[in-house]
Each structure stands twice: as C-alpha cells, then as structure tokens.
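What follows is a set of notes on a single structure, which appears directly below.
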Amino acid sequence: MAANNVSSHSDKETDVIIVGAGPAGLSLARALAPSGLSITVVEKQEMAVLAHPPFDGREIALTHYSKELMQQLDMWDKIAPDEIYPLRDAKVINGYSNYQLHFEQPTMARGKPANTLGFLISNHNIRRAAYEAVQAFNNVNIITGHSIIDVKNDHANQIEAKLDDGRLIKGKLLVAADSRFSNTRRQLGVSAQIHDFGRTVIVFRMQHTLSNQHTALECFHYGRTLALLPLEENLTNCVVTINNEHAGDILAMSPAELAADITQQLKGKLGEMHLVSTVHHYPLVGVHANAFYAQRSALIGDVAVGMHPVTAHGFNLGLSGVGILSKLINEAVSKGKDIGSQTLLAQYQRQHMPHTRILYHGTNAMVSLFTNDSHPARLMRSLVLRISNHLPPVKKLISKQLTG
C-alpha cells in the first residue's frame, strides 16, 4: 500500500477521496479496495499513530452483524482473541433501587446459535486492525499529517479537495469520515442536529475481586450514570457520565479515591476495586446530519450520526453505513456506472437514514428521561423499567437491536 506523509504541491487525481483515517474511513477504504478504484485517504494524524494507536479508554460494544462485517473486511482476525471480550448479558438499574431490567444471554443471533449479546473490543485495537486491513492494497494511498481545508463540489463530474499545503485532490466521490465535529460536513453545506448533553464521559479500567460474570451494567444513578463493560472476569471498563460542572471533581481524584468512589456507587458488588489504566474524558455531544449526501459526496460514521454511548450503537451504525455504501459503489463499478451519481447517493441515504433516525432520537429521549432526577421523572423511570421487563415483545425488540 502506498502511504504518503510528505508535503508535495503536485495535484492528484483519484476515484474516491476519504477524509479521515479512523475506523469508519479505513473500513470503507478496505471495503472498496478490491474493486480496483484508486482511493486516497487524508488524515491529520501522523502515520505512526495510525499504525500504533494509543489506548484511549474507550471500549466498543459490537453486534453480531458488526462482527460479520469486520470478518468480511479482514479486521476481526487482526485482533488478538484474548482482546475480544464476550458480553453475555446486560442489566439496567434505576436510581439506587435493586430492581433490574435484565437482558439475558441469547441462544440465537441473526439466525445462528449464539451465547453472547455481543462483543467488547478496545477502540485502539479496532483502529489498528482497520489500518492493517488496507495494507495489502496498492490502490489505497494514505496522506497523513495534513487536513483538507476546502472542498468544491460544484462540478458535474468531479469533486475537489484542497489540502493545507496547497495540493488539490480531484475525485469522482468524496466521503467525509472525520468525526462528529466534522469540518468537511460544513464545507459540503450539510447541516446537522447537534445535541450537547452538557455532560462529560470519563472512562477507565478497574480490576476487582468479585466476578463481573461478563455482564454489562447500566446504572442510572441520581446525579450521574455509571456503565460497567465487562472485559476479563475481574476487569471492567467503567464509564461515568456526569454534568460538566462536576466532572472536575472526579478527574481530580487519586487512584485510591476513584476506586473507593466507584466501589461505593456499586455498593461493593464487585468487591475491592483498583484503578489499572489511565483516565480519559470526552465531551458528550450527539450529532445527526440532516442529509447523508451532497453533490458527489457522502457522510459515514460519526459524521453522519454520532450517538450517545448508552445504547452502544456508535461504531455499529458506522459499520452498517460502510456496508451499505460500499455495496452500492462496488455494484456501480461492476456495471460501469458513476460511483458519485446522485441516484446512488440518494439510495445510500434511503437505506441507512431511517434506522439511524429512530435510534438517535429514541436514545436521546431515553437519556433525557433517565438523567432527569425530578420526582415525577424518577417514578416514570422506574415504571419504564418494570414495563419493559414484563413485556416480552419489548425485551425481544431491544435484544435484537443489541445483537444486530
């Protein structure tokens, strides 16, 4: 694979320009590479970071469908088996009640025998696997250490992207995959619904003396939310979401203070706890683009829809979009059709957006309820959990969403 991180002022012709070499962007590059299209990926980070991404605290919950897609893209097998953690079942707790909404370990997923709701893989391992998956293809060129500062899509047959060093890249299609705060989305003139939750996500790993039984736990406590993502039996990723004005209190804690705080929040359910990783924090902002395409351009991953992490659908939706868009493009190539036509891009939106809209707005509504600590909301929260627990069709529908 050709990789370029050296400035050059010569213009470049390519078929597909992908902005962003995150998991979504590189997954798309890998999905399109066998078609023979020339693909140029532009990434502001350096090549060394792509090849060896640092641990960032985030554990990604993957559905069975996402596993299938990652297998097709040669990504799954590039992750060490002991770094793929089974998610057996999941429980939801409201406030400080012991009552639990329980999603049991399934016996089937996507028509096949299964013993997990899904899988947990560290974000840095997914990023590395996506990078390694494109290495075998000489038609994928990665330009690192540079950003796209301007996009012109006013030509009928091509789109132009200008780099920060003055170079122009001309292509038949540009795909924005540069995060939910995408500058490319703005340059394309695509508006988005942006929901700033006014909260901060704080993530870290804890070791503990009692087994987590490979069960995810979502605790909607009053004042904060605590999610537990089981890795090894005595190792759990903790995800705290808290109002911004209180985030500093947690970030200022010593390792011992943080362990004691989480132990108290869990009422000792996991025994003695010890911090075993660095602590990372991120602003909690949800995004849904009002269109998934523009003239000779498309949006994928968090540029199209950036989810609240509570339902763990973020990268799953990104992979789903990659699967839909790459199939349409590869079919167009095989038939000698235009890969950047409005017809193709409109079809991508029709296939992808209805599902993302439902999940995005449904998730935001649920989060709004379960982070509202007023007395009527507390009663409603408890009622929703109990109704969901005793209505098999509702639980089955949610479980299907969890498994993909």
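Between His124 and Phe55, the ring-plane angle classifies as perpendicular under the 30° and 60° cut-offs. Ring geometry for His352 versus Phe292: interplanar angle of 30 to 60°, hence tilted.
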(message) Phe137 vs Gln135, test: side chain to side chain contact (heavy atoms under 4.5 Å, CB included). Steps then yes/no.
(response) CA-CA 6 Å; Phe137 296 91; Gln135 293 300 301; over 6 Å; no

(message) Apply side chain to side chain contact (heavy atoms under 4.5 Å, CB included) to residues Val239 and Leu229 and explain how you reach the verdict.
(response) CA-CA 8 Å; Val239 185; Leu229 304 177; 4.2 Å; yes

(request) Go through Gln295 and Gln342 one step at a time and tell me if the side chain to side chain contact (heavy atoms under 4.5 Å, CB included) criterion holds. (result) CA-CA 7 Å; Gln295 176 79 8; Gln342 293 295 92; 3.9 Å; yes

(message) Show, in sequence, the C-alpha distance, side-chain angles and deciding distance for His214 and Thr116, and conclude whether the side chain to side chain contact (heavy atoms under 4.5 Å, CB included) test is met.
(response) CA-CA 9 Å; His214 296 287; Thr116 64; over 6 Å; no

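Contact record, Gly95 with Tyr222: CA-CZ, 3.5 Å, taken as the closest heavy-atom pair. Closest approach of Asn125 and Ile79 over heavy atoms only: O-CG1, 4.0 Å. Heavy-atom minimum distance, Ala21 versus Glu43: N-OE1, 2.7 Å. Here the closest heavy-atom approach between residue Ser27 and residue Phe315 is recorded as OG-CZ, 4.2 Å. Between Arg185 and Ala192 the shortest heavy-atom distance is NE-CB, 3.8 Å. The nearest pair of heavy atoms linking Leu163 to His146 is CD2-CB, 4.1 Å.
When side chains are defined from C-beta on, Asn316 counts as touching Leu62, because their heavy atoms get closer than 4.5 Å. Contact of the Ile339 side chain with the Val16 side chain is registered, since non-hydrogen atoms from C-beta on lie closer than 4.5 Å. Within the 4.5 Å cutoff, the side chain of Val19 has heavy atoms near those of the Leu174 side chain. The closest side-chain heavy-atom distance from Asn153 to Glu160 is not below 4.5 Å. The shortest distance between side-chain heavy atoms of Pro230 and Thr215 does not fall below 4.5 Å. Looking at Thr356 and Pro354, their side chains never come closer than 4.5 Å, going by heavy atoms from C-beta outward. Looking only at side-chain heavy atoms (C-beta outward), Asn139 and Leu32 stay at 4.5 Å or farther from each other. Side-chain contact between Phe370 and Glu218 is absent, with no heavy-atom pair separated by less than 4.5 Å.
Using a distance-only test at 3.5 Å, with no hydrogens or angles considered, no donor-acceptor pair links the side chain of Gln349 to the main chain of Leu345. When atom types are taken as modelled, the side chain of Thr363 and the backbone of Leu359 share a donor-acceptor pair closer than 3.5 angstrom. Between the side chain of Tyr348 and the main chain of Leu299, a donor-acceptor pair closer than 3.5 Å is present. A distance-only check finds a donor-acceptor pair linking the side chain of Thr63 to the backbone of Ser66 [under 3.5 Å]. A donor-acceptor pair under 3.5 Å is formed between the side chain of Arg180 and the backbone N or O of Val285. The main-chain N or O of Val367 is found under 3.5 Å from a side-chain atom of Thr371 such that the two form a donor-acceptor pair. For Asp15 (side chain) and Leu173 (main-chain N/O), no donor-acceptor pair under 3.5 Å exists by modelled atom type. In terms of modelled atom types and a separation under 3.5 Å, the side chain of Thr14 and the main chain of Ser38 share a donor-acceptor contact. The backbone N or O of Leu226 lies less than 3.5 Å from no partner atom in the side chain of Gln265, so there is not a single donor-acceptor pair. Side chain of Thr144 to main chain of Glu46: no donor-acceptor pair is present (N/O by atom type, distance under 3.5 Å, no hydrogens or angles).
To the nearest 0.5 Å, atoms OG1 (Thr184) and CD1 (Ile149) are separated by 11.5 Å. One finds the CZ atom of Arg58 at 14.5 Å from the CG atom of Leu120 (value rounded to the nearest 0.5 Å). Considering SG of Cys238 and CG of Leu275, their distance stands at 8.5 Å, rounded to 0.5 Å. In this structure, CD1 on Ile126 lies 8.0 Å from CH2 on Trp76, to the nearest 0.5 angstrom. Rounded to the nearest 0.5 Å, atoms NE2 (His355) and CZ (Arg357) are 14.0 Å apart. Atom CG of Leu168 is separated from atom NZ of Lys12 by 13.0 Å, given to the nearest 0.5 angstrom.
For the pair Glu331 and Lys337, the salt-bridge criterion is not met [side-chain N within less than 4.0 Å of a carboxylate O]. Comment: Asp150 does not engage Lys162 in a salt bridge, judged by the lack of any side-chain N to carboxylate O separation of less than 4.0 angstrom. For Arg167 and Asp165, the salt-bridge test passes: some basic side-chain N is under 4.0 Å from an acidic carboxylate O. Ion pairing between Asp338 and Arg296 holds under the 4.0 Å rule for side-chain N and carboxylate O.
In this structure, Tyr360 has its ring center at least 6.0 angstrom away from the ring center of His308.
For the pair Arg386 and Tyr99, the distance from NZ or CZ to the six-membered ring centre is under 6.0 Å and the angle to the ring normal is within 45 degrees.
Annotation: His281, atom NE2; neighbour count of heavy atoms from other residues, nucleotides and ligands within 6.0 Å does not exceed 12. Within 6.0 Å of NZ on Lys269 lie more than 12 heavy atoms contributed by other residues, nucleotides or ligands. Other residues, nucleotides and ligands contribute more than 12 heavy atoms inside 6.0 Å of the CD atom of Gln71. By the 6.0 Å contact criterion, CE on Met380 is open, its count of non-hydrogen atoms from other residues, nucleotides or ligands being 12 or less.
Of the residues listed (Arg381, Arg224, Arg378), the one engaging Asp373 in a salt bridge (Lys or Arg N to Asp or Glu O under 4.0 Å) is Arg381, and it is the only one. Among Val305, Asn290, Asn364, Val287, the one residue that satisfies the side chain to side chain contact (heavy atoms under 4.5 Å, CB included) test with Gln193 is Asn290.
With sequence neighbours left out, the side-chain contact (heavy atoms from CB on, under 4.5 Å) criterion links Lys78 to Asp74, Ala129, Glu132, Ala133. Shown here are the side-chain contact (heavy atoms from CB on, under 4.5 Å) partners of Thr263, two or more places apart in sequence or in another chain: Met273.
Using a 3.5 Å distance cut-off with no hydrogens or angles, the side chains of Glu233 and Ser211 do pair a donor with an acceptor. Looking only at atom types and distance, the side chain of Glu272 has no donor-acceptor partner in the side chain of His208 under 3.5 Å away. Between Ser122 and Arg127, the side chains place no donor N or O within less than 3.5 Å of an acceptor N or O (distance only, hydrogens not considered). Side chains of Asn330 and Ser326: a donor-acceptor N/O pair is absent below 3.5 angstrom, by distance only. Looking at His280 and Asp56, their side chains never bring a donor and an acceptor atom within 3.5 Å of each other.
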